[in-house]
Amino acid sequence: ITLLPVGVLAAYCIYRLFRLLQRGSVKKKAAYFLGISRQESYEKALLRQFIITLIIFAFFSGIYYLLQWLVPDYFIFFRLQLIISWFLIIALLFQFYASAYVVKDRLLPFAARFFTEPLSVYNLAIFRILMLKWLKNHYNYRVYDTAYWAAMPPEARVDLPYMGWFIQHIPISPEIYLYMGKLGIILSTMAMWGLFTRPALLLNIPVSIYVLGVPMFFGKLAHQQMWVWFPAILAFSRCADVLSIDWLINKYIRKTKPLMPLANQAYGLPFKFIWLHYGIIYFYAGIIKISQCGLDWALGKSMINQIQLEWLQNYDMLPAFRIDYYPMLAHAGGLGVIIMELFYPFLVLSSLTRIVSFVAGLSFHNSAAYFMNIGFEDLQRTYVSYIDFAGIYNRVKTKLYALFHFSATHTYEKQHWTFSEAWQLPSFKAVFYLGTVLFTINFMCGLLRIHSWPFSSYPTYSRIVYDYHWYVYYEAY
């Protein structure tokens with residue numbers, strides 16, 4: 001009853017703000033207020049919006065602490081701070097809408113530049129090698145360490161959202177699982193070495209869905225969907241044009257060469273969809289924390305309780321630095337996590353800000369691993385997609401040649417094409433279509449909080465942990 005009029009009032013406020021913004025004079029005022037300039041670079045504009053976001057969070061955090069002082073009853077306080085947090089989301093939405101509306105005629109060209117940013121064929125090949133090496137490790141672990149899941153009775157299977165028809169009817173037995181797992185090991189090894197790479201990766205798609213998915217069909221979902229998504233994107237790309245057996249066959253037997261130049265849009269597009277998936281993984285984690293828990297997730301006792309609960313669940317693991325002795329530091333870190341997650345999809349859109357996303361993501365995950373034993377190692381491994389191996393090699397090569405007074409010749413040159421020109425490149429269309437479908441489905445899973453297989457939202461850790469927690473303690477003799 002209390003929240004209904006608040007929701008109606010919020011909807012009306014949003015409607016009026018959007019209507020006002022469409023007026024020319026208000027549009028100019030909004031641009032002036034938000035510091036938006038049509039000639040400003042993306043990186044500078046994003047930094048300005050980040051500062052404005054910090055001010056917005058500081059303002060609503062002040063209101064949070066004021067409510068905490070005025071309202072002693074925690075249940076009432078939690079509801080009130082949740083309403084305040086919803087207005088914080090409204091403020092952020094208005095900030096985003098105003099920024100996008102002012103530069104709306106630049107959005108499509110910016111998106112086209114993002115998708116047609118050229119990257120080196122060597123970056124894609126190295127990413128293929130590492131991804132398939134780690135996928136092979138997953139297959140080995142599933143086949144030889146956790147194959148007992150395949151021996152579970154059919155009545156033990158638990159439906160996942162929209163996949164019950166698949167889970168209940170797919171044949172599962174130890175023999176089938178062993179054969180499929182060994183097939184996955186063979187296929188991942190072939191793709192890693194680049195032997196019949198595309199057929200191996202295409203066949204790997206159903207194999208990975210089965211082998212990695214079977215342990216998820218009995219009540220506990222582990223979020224390893226990216227090991228299906230990212231190899232599937234590679235399957236439609238030209239990831240074996242260099243550093244592969246296929247490359248040697250094409251070069252010395254078939255007398256064919258990779259696409260020229262060696263840094264072009266066809267080699268860069270797979271990375272774009274991988275980075276966009278990072279964006280939705282982090283963004284939904286941040287927005288759901290605010291919408292479901294409010295600022296209390298970061299600024300309340302739940303932050304410390306969550307950390308201590310992870311210690312308990314990991315057999316009384318205690319880090320050397322006890323952050324629970326410094327609650328203000330933990331609260332600031334929690335608030336920083338939310339802001340980082342909200343900004344992450346915008347950080348991956350520029351080569352300069354991707355450095356920030358790389359450093360911020362690794363810092364966040366390694367801090368969580370240290371304090372809470374939650375490292376998301378799988379996600380961290382795929383961060384290798386951010387590293388420009390070819391660029392680093394050429395810069396080092398140029399420096400060394402200059403040091404010894406040799407003339408350096410670059411192994412590749414970047415050539416910027418329009419989107420229509422890039423569309424004519426081999427594999428560009430296939431990767432774009434597949435990446436768009438994958439991104440759209442996973443975007444909707446995040447929006448609707450659907451945790452399933454092989455498409456899914458990722459964990460958000462959006463819950464309030466209270467001061468008391470029941471657990472069962474076993475002692476074995």
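A quick note: this is a predicted structure, and the numbers were derived from the prediction, not measured.
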* Asked: Do Asn264 and Leu425 have side-chain heavy atoms sitting under 4.5 Å apart?
  -> yes
| field | Side chain His365, main chain Phe376, donor-acceptor under 3.5 Å | value | no
dist Met163:CE -> Ser456:OG (nearest 0.5 Å) comes out at 11.0 Å
inquiry  = In the structure I gave you, are the side-chain heavy atoms of Met226 and His277 within less than 4.5 Å of one another anywhere?
reply    = no
Using modelled atom types only, decide if a donor and an acceptor are shared between the side chain of Ser85 and the backbone of Ser291 within a distance under 3.5 Å. no
Result for ring-ring contact (aromatic ring centres under 6.0 Å, His included) between Trp275 and one of Phe439, Phe358, Tyr386, Phe114 points to Tyr386
* For the residue pair His138 and Asp378, establish whether any side-chain heavy-atom pair is separated by less than 4.5 Å. => yes
Residue set satisfying ring-ring contact (aromatic ring centres under 6.0 Å, His included) with Phe96, at least two apart, ordered chain then number -> Phe346
Taking 4.0 angstrom as the limit, do Glu117 and Arg354 come out as a salt bridge? yes
Give the C-alpha distance, both sets of side-chain angles, the deciding distance and a yes or no for ring pair (Phe, Tyr, Trp, His ring centres under 6.0 Å) between Phe87 and Phe59. CA-CA 11 Å; Phe87 278 101; Phe59 173 76; over 10 Å; no
Derivation of the side-chain contact (heavy atoms from CB on, under 4.5 Å) call for Ser457 and Ile450: CA-CA 6 Å; Ser457 173; Ile450 297 173; 5.7 Å; no
Q | Flag side-chain contact, heavy atom, 4.5 Å: Leu234 against Phe127 | A | yes
Quiz prompt | Polar side-chain atom of Tyr282 near backbone of Leu342 as donor-acceptor pair, under 3.5 Å | solution = no
Sequence neighbours excluded, the answer for side-chain hydrogen bond (donor to acceptor under 3.5 Å, both in side chains) partners of Asp467 is Lys301, Asn305
Applying ring-ring contact (aromatic ring centres under 6.0 Å, His included) to Trp297 and not counting sequence neighbours gives none
key: Check: Asn204 side chain, Ala200 main-chain N or O, donor-acceptor pair, under 3.5 Å   = no
Do Phe273 and Leu434 pass the side-chain contact (heavy atoms from CB on, under 4.5 Å) test, and can you show the C-alpha distance, the side-chain angles, and the key distance before you say yes or no?
CA-CA 9 Å; Phe273 284 104; Leu434 176 72; over 6 Å; no
* Asked: Regarding Arg322 and the six-membered ring of Tyr325, is the cationic atom NZ or CZ under 6.0 Å from the ring centre and inside 45° of its axis?
  -> yes
Practice prompt. Report yes if the side chains of Tyr144 and Ile185 come closer than 4.5 Å at any heavy-atom pair, otherwise no.
Written response: yes
- [ ] Start with the C-alpha distance between Arg463 and Gln292, add both sets of side-chain angles, then the distance that settles side-chain contact (heavy atoms from CB on, under 4.5 Å), and finish with yes or no.
- [x] CA-CA 8 Å; Arg463 64 167 178 160; Gln292 289 197 332; over 6 Å; no
Exercise. Taking C-beta and beyond as the side chain, do Phe115 and Leu276 meet within less than 4.5 Å on heavy atoms?
Worked result: yes
Requested in this report: Kindly indicate, with the supporting measurements, whether the criterion ring pair (Phe, Tyr, Trp, His ring centres under 6.0 Å) is fulfilled by Phe419 and Phe432.
Outcome: CA-CA 11 Å; Phe419 189 85; Phe432 189 84; 5.7 Å; yes
- Might you work through the ring pair (Phe, Tyr, Trp, His ring centres under 6.0 Å) test for Tyr458 and Tyr284, ending with a clear yes or no? CA-CA 8 Å; Tyr458 258 61; Tyr284 281 122; over 10 Å; no
Notebook entry, point to check: Between Asp241 and Trp247, does a side-chain contact (heavy atoms from CB on, under 4.5 Å) hold up when you go through it step by step?
Noted result: CA-CA 5 Å; Asp241 277 8; Trp247 168 51; 5.9 Å; no
One should read off an interatomic distance between Leu362 CG and Ser357 OG, to the nearest 0.5 angstrom, of 9.0 Å
- Does the side chain of Phe78 come within less than 4.5 Å of Ile464's, by heavy atoms? yes
Shortest non-hydrogen pair, Gly294 vs Leu82, comes out as N-CD1, 3.6 Å
For this session: Please say whether the positively charged group of Lys289, taken as NZ for Lys or CZ for Arg, lies over the ring of Tyr461, i.e. under 6.0 angstrom from the six-membered ring centre and within 45 degrees of the axis.
Result: no
